[in-house]
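Just so we're clear, the structure is a prediction, and the values are computed from it rather than from any experiment. Below, chains carry the letters A, B, ... as their sequence lines are ordered, and counting in each starts from 1.
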Number of protein chains: 2
Amino acid sequence: MAESILDSLRAGGKKLTKPRKAILAILEQSSLPITVAEIADQLKKARAAVDLVTVYRNVAMLQELKLVNPVGLHEGQMRYEVCHGREHHHHIQCRGCGQIVDLMLCPLKKLTELVERKTKFAIDGHVLEFFGWCPQCR
Amino acid sequence: MAESILDSLRAGGKKLTKPRKAILAILEQSSLPITVAEIADQLKKARAAVDLVTVYRNVAMLQELKLVNPVGLHEGQMRYEVCHGREHHHHIQCRGCGQIVDLMLCPLKKLTELVERKTKFAIDGHVLEFFGWCPQCR
DNA sequence: ATGATAAATGCAACTCACTTGCAACTTGGA
DNA sequence: TCCAAGTTGCAAGTGAGTTGCATTTATCAT
């Protein structure tokens, strides 16, 4: 069975503090990318007093370990989602209500190879997001 | 012949002020997306004293008129490029030196239709950027 | 041309996401 | 149980982008 996130943290020499576990729990419960402020809100509701700074630092650390993925929808703040153990995918966001929907697909493998041949870059990442109007808002 | 940017501005009831024309000239000279700070730098070099705020406001206005396109590469600031009269395309950025290269292609037409069928969204935009290492940095 | 008017500019002050410095506190291993 | 390394919270800072307002400028009708 695959290594859990907690195992990955231990392997990275990270400590499993109470705030850190609470932050991780919220990220793992969320099926859609969430913001640092949303994480902090949920922590407050769960009676776990964790400073905003601590959320920022943990999210940055989880990103470095490639356990969470940043998702930038140009809303003025970043979102984050667990990628460890989940399928690589993309999103669509409604310009009206802001709702985000997962697209369980990534059509970019062949295109990435094409771009690598054309540009001689070694590609190791990409961003693909769609925007539009959901059935309720259009 | 196609309507020029200046014509579009006039049609939108916008005035052609000296600062505005200077900002537009810089955007049109740039073949790659540039930041507001870079525009202001170039204005200063060209001896055109234009306030940063004015650049921000003009870029926002040009965006509303769909004459320039925002390009967010998650560098902590936005970039902008003229889209009026230019082919829709995407970019690749080097994680080492930050250099940006235009990719003169967009492979998303069919995919957009597929996503519309799947999600029932009316899609009117997308973001696609590649990241990796250029030949010099890798 | 000229004067009215609506839009645009510049300045200063502000907002807000995110970062940094530092002292105090946990965690996990010896 | 003790200690070192890692982590946290608080306060203060950074920097992109925005807003309010008085002044200036382009445009249009006369």
Side-chain angles (χ1 to χ4, degrees), chain A residues 5-27 33-44 46-65 67-80 98, chain B residues 5-27 33-44 46-65 67-80 98:
Chain A
I5 288 191
L6 294 190
D7 291 336
S8 301
L9 288 179
R10 266 185 284 262
K14 305 297 178 188
K15 291 184 181 178
L16 301 183
T17 62
K18 221 183 304 178
R20 178 162 293 164
K21 282 186 278 189
I23 292 166
L24 265 172
I26 286 167
L27 277 164
I34 55 177
T35 67
V36 165
E38 286 166 352
I39 295 172
D41 279 354
Q42 292 195 36
L43 285 169
K44 198 181 272 180
R47 300 264 188 295
V50 177
D51 198 90
L52 247 196
V53 179
T54 299
V55 182
Y56 275 109
R57 287 197 269 232
N58 271 279
V59 161
M61 181 271 291
L62 291 166
Q63 230 179 303
E64 267 161 35
L65 295 184
L67 299 172
V68 312
N69 225 359
V71 179
L73 299 175
H74 307 131
E75 303 166 292
Q77 68 207 139
M78 280 285 154
R79 293 180 176 275
Y80 302 90
Chain B
I5 288 190
L6 293 191
D7 291 336
S8 302
L9 287 179
R10 265 185 285 261
K14 305 299 178 185
K15 292 186 181 174
L16 302 184
T17 62
K18 222 185 302 178
R20 178 162 293 165
K21 283 186 278 189
I23 292 166
L24 264 172
I26 285 167
L27 277 164
I34 55 178
T35 66
V36 165
E38 286 166 353
I39 295 172
D41 279 355
Q42 292 194 35
L43 286 169
K44 197 182 272 179
R47 300 264 187 297
V50 177
D51 198 89
L52 246 198
V53 179
T54 300
V55 182
Y56 274 109
R57 288 197 267 229
N58 271 279
V59 162
M61 181 272 291
L62 292 167
Q63 231 180 301
E64 267 160 36
L65 295 184
L67 299 173
V68 313
N69 225 359
V71 178
L73 299 174
H74 306 131
E75 304 164 292
Q77 68 207 135
M78 280 286 154
R79 293 180 176 275
Y80 302 90

Single hit among A:Leu9, A:Leu16, A:Asn58 for side-chain contact (heavy atoms from CB on, under 4.5 Å) with A:Leu24
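That would be A:Leu9.
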Ion pair present between B:Lys44 and B:Asp41, side-chain N to carboxylate O less than 4.0 angstrom?
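Salt bridge between B:Lys44 and B:Asp41, a charged N being under 4.0 Å from a carboxylate O: no.
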How is [X] classified with respect to the nucleic acid when contacts are heavy atoms under 4.0 Å: base, sugar-phosphate, or nothing?
X	result
A:Ala60	nothing
A:Leu52	nothing
B:Arg57	base

Reckon B:Thr54 has a side-chain N or O less than 4.0 Å from the OP1 or OP2 of C:dG10?
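Affirmative; the distance criterion is met.
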Does a side-chain N or O of A:Thr17 approach OP1 or OP2 of C:dT27 to a distance below 4.0 Å, or not?
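No, outside the criterion.
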Is B:Lys15 side chain donor-acceptor paired with the D:dT27 base, going by distance under 3.5 Å alone?
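Such a pair does not exist between side chain and base.
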Is there a donor on the side chain of B:Lys14 or the base of C:dA8 sitting less than 3.5 Å from an acceptor on the other?
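Under the 3.5 Å cut-off, the side chain and the base do not form any donor-acceptor pair.
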Whole Å only: how far is the [atom1] atom of [X] from the [atom2] atom of [N]?
X	N	atom1	atom2	answer
A:Leu16	D:dA5	CG	C1'	14 Å
A:Leu9	D:dG6	CG	P	14 Å
A:Leu24	D:dT7	CG	P	12 Å
A:Leu6	C:dG28	CG	C1'	15 Å
A:Glu75	D:dA16	CD	C1'	17 Å
B:His74	C:dC18	NE2	C1'	15 Å
B:Lys18	C:dG10	NZ	C1'	14 Å
A:Arg20	D:dA5	CZ	P	17 Å

Is there a donor-acceptor pair closer than 3.5 Å between any side-chain N or O of B:Glu38 and the backbone N or O of B:Thr35?
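Present.
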Nearest to side-chain heavy atoms of A:Val53, which nucleotide of C:dA12, C:dA8, D:dA11:
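Comparing C:dA12, C:dA8, D:dA11 against the side chain of A:Val53, the answer is D:dA11.
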Which nucleotide, D:dT7, D:dG9, C:dC18, lies nearest any side-chain atom of A:Met78?
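Comparing D:dT7, D:dG9, C:dC18 against the side chain of A:Met78, the answer is C:dC18.
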Considering all heavy atoms of both residues, which atom of A:Met78 and which atom of A:Pro70 are nearest to each other, and what is their separation?
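Reported closest heavy-atom pair: SD-CB, 4.4 Å.
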Here's a test of your reading of the structure: between A:Tyr56 and A:Pro19, which maps to the more 5' nucleotide of DNA chain C?
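Taking each residue's closest nucleotide, the earlier one in sequence belongs to A:Tyr56.
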Given that B:Gln77 and A:Met61 both sit by DNA chain D, which one's nearest nucleotide is further toward the 5' end?
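It is A:Met61 whose nearest nucleotide is closer to the 5' end.
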Both B:Val36 and A:Asp51 contact DNA chain D. Taking the nearest nucleotide for each, which residue is further toward the 5' end?
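Between the two, 5'-proximity favours A:Asp51.
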Could you go step by step and tell me if A:Leu67 and A:Leu27 meet the side chain to side chain contact (heavy atoms under 4.5 Å, CB included) rule?
CA-CA 10 Å; A:Leu67 299 172; A:Leu27 277 164; over 6 Å; no
